[in-house]
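A short write-up of the structure that comes next.
Note that these values count all heavy atoms, side chains included, but never hydrogens, waters or copies made by symmetry. Here is how names work: the chains are called A, B, and so on, in the same order as the sequence lines, proteins then strands, and each is numbered from 1. Since we're looking at a predicted model, the values are computed, not measured.
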Number of protein chains: 2
Amino acid sequence: MTDSATNTLDAWELEILDLFVGIFETFGLPKSTAMIYGILYCAEEPMLQEEICQKLSISTGSASQGLKLLSTMGAVHKQNVPGQRQSSYKAEYSMRRLLAYVVDAQLRPKLRNGKERLSQIQSEIPKENTHAQQRIHTLMTWQKKADRALPVISTLFGN
Amino acid sequence: MTDSATNTLDAWELEILDLFVGIFETFGLPKSTAMIYGILYCAEEPMLQEEICQKLSISTGSASQGLKLLSTMGAVHKQNVPGQRQSSYKAEYSMRRLLAYVVDAQLRPKLRNGKERLSQIQSEIPKENTHAQQRIHTLMTWQKKADRALPVISTLFGN
DNA sequence: TACAAGTTTCATTTATTTTTGAAATCTTTA
DNA sequence: TAAAGATTTCAAAAATAAATGAAACTTGTA
């Protein structure tokens with residue numbers, strides 16, 4: 001039934017890969033990376049990089065880079081089993097933890113950066129230019145709204 | 001000071017364009033589209049498509065497609081002034097309304113679609129395959145969490 | 001209705017992103 | 001420490017996405 005010996009995938013696994021490819025696409029992440037997460041999500045046991053390459057028919061480079069990205073995202077975990085040369089990888093299944101990355105590592109830095117740029121721009125506009133001042137001011141209120149909303153968002157998906 | 005006669009942009013306008021290009025990039029939207037929104041955001045008066053092409057040095061095709069997308073997003077509004085051949089465009093300044101689009105037109109359909117696909121997949125897996133059933137089940141709980149969270153998100157950015 | 005202004009469409013070009021795979025690097029063990 | 005195994009890096013190739021601009025289409029005007 002399951003076919004862990006050969007390199008073929010079950011129908012339900014293919015469907016789930018598709019699903020993740022779609023989701024990851026929304027965030028602008030490459031297909032190969034989505035598929036790596038997907039196959040690990042489906043797997044019963046942690047997998048080796050080599051197995052991932054085989055099952056998905058992707059290159060060593062793709063696997064290496066994809067796994068690195070997924071690791072820094074906290075979406076997969078690298079385990080070093082003593083007495084085994086290769087590292088093993090398993091998926092993070094907690095939605096809350098996955099979202100924590102998106103919020104903390106992606107959204108927050110962008111917000112902070114935006115805030116700095118806005119102050120910078122504002123300080124460069126003469127007070128007489130009320131139109132420009134008004135526009136910047138509106139953007140700053142957007143900024144503040146986002147600032148207040150972010151922490152609540154993680155909460156919404158909590159366990 | 002402002003330079004609406006020629007095609008040059010003020011420093012603060014360039015900065016704001018950059019800012020929007022960055023934000024739009026996060027959502028996988030093209031640079032030209034971001035710039036169109038940016039220039040309309042900065043403008044004191046509604047603009048004609050032709051003026052947008054000139055100010056941004058983009059082609060008619062880009063302007064047309066970008067404006068169409070922004071219109072369906074509700075991010076810009078097309079106004080037809082009687083006695084004027086060309087349509088005018090102005091930016092939507094309300095953050096809440098902008099987010100409403102992202103949530104309603106993008107996120108919700110994807111969620112609904114995901115839900116359908118999951119049920120479909122589940123129905124195709126034999127009950128004996130407990131591993132697969134378990135994985136699908138977890139995804140369905142993700143689904144439900146997202147479902148509950150979505151409506152709250154729009155709220156957070158309300159006026 | 002014919003003409004002209006304005007806009008959209010879409011095949012082609014250009015730019016960007018992703019993937020590959022072989023060489024370089026790092027790691028383990030004999 | 002040498003040799004083999006595992007992983008990473010990165011230049012080049014392939015795939016994808018965005019922008020262009022001329023032709024087709026639409027709409028208003030004489």
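Straight-line distance from the CG atom of B:Leu48 to the P atom of D:dT27: 18 Å, rounded to whole Å. Counting to the nearest Å, the P atom of D:dA6 and the CD1 atom of A:Ile52 are 14 Å from each other. C:dT19 atom P lies 13 Å from atom CG of A:Leu67, rounded to whole Å. The nearest whole Å value for the distance from the CE atom in A:Met47 to the P atom in D:dT7 is 13 Å. Rounding to whole angstrom units, CG of residue B:Leu70 and P of C:dT7 are separated by 16 Å. Summarising the geometry, the separation between CD on A:Gln86 and P on D:dA4 is reported as 17 Å, rounded to the nearest angstrom. In this structure, CD of A:Glu50 is placed 8 Å from P of D:dT7, rounded to the nearest angstrom.
A donor-acceptor pair under 3.5 Å is absent between the side-chain atoms of A:His77 and the main chain of A:Ser88, judged by distance alone.
Taking side-chain N and O atoms only, A:Lys78 has no distance below 4.0 Å to OP1 or OP2 of D:dA6. At the phosphate of C:dT9, OP1 or OP2 sits under 4.0 Å from a side-chain N or O atom of B:Lys68.
Between A:Gln133 and A:Pro126, the closest heavy-atom pair is NE2-O, 3.8 Å. Here the shortest heavy-atom pairing between B:Gly38 and B:Phe20 reads CA-CD1, 3.7 Å.
Residues A:Gln79 and A:Lys90 are in side-chain contact: their nearest non-hydrogen atoms beyond the backbone lie under 4.5 Å apart.
Distance check, rounded to the nearest 0.5 Å: CG of B:Leu19 to CD1 of A:Ile121 gives 6.0 Å.
Among the atoms of the strands shown, base atoms are found under 4.0 Å from some heavy atom of A:Gln49.
There is no side-chain donor-acceptor pair under 3.5 Å between B:Gln134 and B:Thr130.
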Would you tabulate the pairs of protein nitrogen or oxygen atoms and nucleotide nitrogen or oxygen atoms of nucleotides 15-20 of chain D closer than 3.5 angstrom?
residue: D:dA19; atom: OP1; partner: B:Ser32; partner atom: N; Å: 3.2
residue: D:dA19; atom: OP2; partner: B:Ser32; partner atom: OG; Å: 2.7
residue: D:dT20; atom: OP2; partner: B:Ser59; partner atom: N; Å: 3.0
residue: D:dT20; atom: OP2; partner: B:Ser59; partner atom: OG; Å: 3.1
residue: D:dT20; atom: OP2; partner: B:Ser62; partner atom: OG; Å: 3.1

Can you give me the N/O atom pairs linking the protein to nucleotides 28-30 of chain C at distances under 3.5 Å, or say none if there are none?
residue: C:dT28; atom: O2; partner: A:Arg85; partner atom: NH2; Å: 3.4

**OP:** Please assess A:Leu9 against A:Ile16 for the test side-chain contact (heavy atoms from CB on, under 4.5 Å), listing each intermediate value before the final yes or no.
**Re:** CA-CA 11 Å; A:Leu9 298 175; A:Ile16 289 196; over 6 Å; no
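Follow the hydrophobic side-chain contacts under 4.5 Å out from B:Leu56 and you never reach B:Leu48; the two are in separate clusters.
Pairs passing the side chain to side chain donor-acceptor pair (under 3.5 Å) check and including a residue from residues 25-37 of chain A, sequence neighbours excluded, read A:Thr26-B:Lys110.
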